[in-house]
Amino acid sequence: LSSDNVAELRLKSFLNSFTNKRYYMNFRNFEKKYFLFPLNQPYDEQLLFRSPEFKNNFETINLIAKNLPKNTELIVKEHPVNPGMISTREIKKIKAKFNNVHFVNPNLNLYSLISKCLGLITVNSTSGLEALVHKKNILVLGRGYYRDIEGVFKYENEQKLKQDLIYIKDNQEGFHNNKDLDIVLQKIINQTFPRPNHFPDKKTEHYNTLMEALEFKVKQLYESSIKKSL
């Protein structure tokens, strides 16, 4: 606990993961229209560095819930790696305040949830990319690498959030900008260095690998800028 700044969070989430189960909805027979909100982990650098204003999942769920269009529901899926990062006490508060907010088992297949949703709301999770691949509209709250794709809805303020959710509900054509999506996916692939799932030894390889990765990225950016100037 003293040497790991997230150990206490992990311990609390482990305990919450047992008591949260009693509040999970049975999605199998769910037929209502809904938006999907998969949670980031609250200590994830995606939140802490890129979108710290949305690092509190409890507050973000409240923000979305009070701006849902009429006759729609919100399904919240905890992160499968660390379920329980939103506490049982917070879930009880949300469900007492909003009768159209539901929590589902974090181990549910994400595709099954995406395939039936009106649209997906995310801070900057990779679930947003999966929804785009399946031609679903997404609304991005935070700052992420796919936020600027044309056709992606972006959070600017609460009023626009409400307007965008109504628009997505009433216009179910879906997302079809495959060209820009392919460019973003290609950039992600190109950023993998030196190979997928490579974890250098912290004592012997870490700094050399970091230096090589930085050199690789600078060279890549330089070559890209030369091509654009031509």
Side-chain angles (χ1 to χ4, degrees), residues 1-2 4-69 71-131 134 136 138-142 144 155 161 165:
L1 287 174
S2 61
D4 185 348
N5 65 327
V6 297
E8 185 177 352
L9 273 173
R10 291 183 188 276
L11 179 58
K12 287 180 179 179
S13 71
F14 176 74
L15 299 174
N16 287 329
S17 66
F18 292 98
T19 51
N20 285 359
K21 291 178 181 179
R22 71 185 71 168
Y23 296 99
Y24 292 159
M25 176 196 70
N26 181 4
F27 177 73
R28 182 176 297 177
N29 300 317
F30 191 75
E31 299 295 336
K32 296 181 180 180
K33 296 179 178 179
Y34 67 89
F35 287 90
L36 175 63
F37 181 44
L39 298 184
N40 291 66
Q41 296 184 79
Y43 57 82
D44 191 337
E45 52 268 28
Q46 287 276 69
L47 289 181
L48 299 181
F49 293 107
R50 292 183 178 175
S51 304
E53 64 272 35
F54 294 105
K55 68 181 179 181
N56 188 312
N57 283 324
F58 175 74
E59 292 178 359
T60 305
I61 294 170
N62 273 274
L63 171 68
I64 297 168
K66 67 181 181 179
N67 288 289
L68 285 175
N71 302 318
T72 62
E73 316 284 308
L74 180 67
I75 289 185
V76 180
K77 182 178 182 293
E78 297 176 276
H79 199 288
V81 173
N82 280 116
M85 281 292 178
I86 182 166
S87 70
T88 306
R89 177 177 56 84
E90 289 172 328
I91 290 178
K92 288 171 66 176
K93 282 185 178 181
I94 290 168
K95 292 189 68 63
K97 187 175 180 181
F98 304 102
N99 59 12
N100 59 344
V101 177
H102 314 279
F103 291 79
V104 294
N105 190 315
N107 293 318
L108 273 178
N109 184 284
L110 185 61
Y111 171 73
S112 64
L113 295 167
I114 289 176
S115 62
K116 297 181 180 179
C117 73
L118 293 169
L120 181 138
I121 304 166
T122 179
V123 177
N124 50 24
S125 169
T126 51
S127 61
L129 278 176
E130 185 166 350
H134 289 99
K136 289 289 182 176
I138 69 169
L139 193 152
V140 181
L141 298 172
Y155 178 82
L161 169 65
L165 292 177

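Numbering of residues begins at 1 and proceeds along the displayed sequence. Note: hydrogens, waters and symmetry copies are ignored here, and every other heavy atom, side chains too, is used.
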Open item on the list: Assess, by modelled atom type and distance only, whether the side chains of Thr88 and Asn20 contain a donor and an acceptor separated by less than 3.5 Å.
Closed with: yes
Task: Least distance between heavy atoms, Glu78 atom then Met85 atom - done: OE2-N, 4.1 Å
Task: Distance-minimising heavy-atom pair for Pro106 and Pro80 - done: O-CB, 3.5 Å
Open item on the list: Can you see whether Asn124 engages Ser51 through a side-chain donor-acceptor pair at a distance of less than 3.5 angstrom?
Closed with: yes
TODO: Applying side-chain contact (heavy atoms from CB on, under 4.5 Å) between Ile64 and each of Thr60, Asn67, Ile61, report the one that passes.
DONE: Thr60
Task: Nearest atoms (heavy-atom pairs only) where Ser112 meets Tyr34 - done: O-OH, 4.1 Å
Task: pair Ile86-Ile94: side-chain heavy atoms closer than 4.5 Å - done: yes
TODO: I would like to know whether Lys136 and Leu118 meet side chain to side chain contact (heavy atoms under 4.5 Å, CB included); could you show each step before the answer?
DONE: CA-CA 8 Å; Lys136 289 289 182 176; Leu118 293 169; over 6 Å; no
Task: Rounded distance (nearest 0.5 Å) linking atom CG of Asn82 with atom CG of Leu9 - done: 9.0 Å
Open item on the list: Could you measure the distance from the CZ atom of Phe30 to the CD atom of Glu73? Nearest 0.5 Å is fine.
Closed with: 4.5 Å
Open item on the list: Rounded to the nearest 0.5 Å, what separates atom CG in Leu120 from atom NZ in Lys77?
Closed with: 11.0 Å
- [ ] Take the angle between the ring planes of Tyr155 and Phe54 and call it parallel below 30°, perpendicular above 60°, tilted in between.
- [x] perpendicular
TODO: Output the distance between atom CD (Glu90) and atom CG (Asn56), rounded to the nearest 0.5 Å.
DONE: 6.5 Å
Task: Atom of Ser127, atom of Ile114 and distance for their closest heavy-atom approach - done: O-CD1, 4.3 Å
Open item on the list: Using ring pair (Phe, Tyr, Trp, His ring centres under 6.0 Å), reason through Phe37 and Phe103 one step at a time and then give a plain yes or no.
Closed with: CA-CA 10 Å; Phe37 181 44; Phe103 291 79; 9.8 Å; no
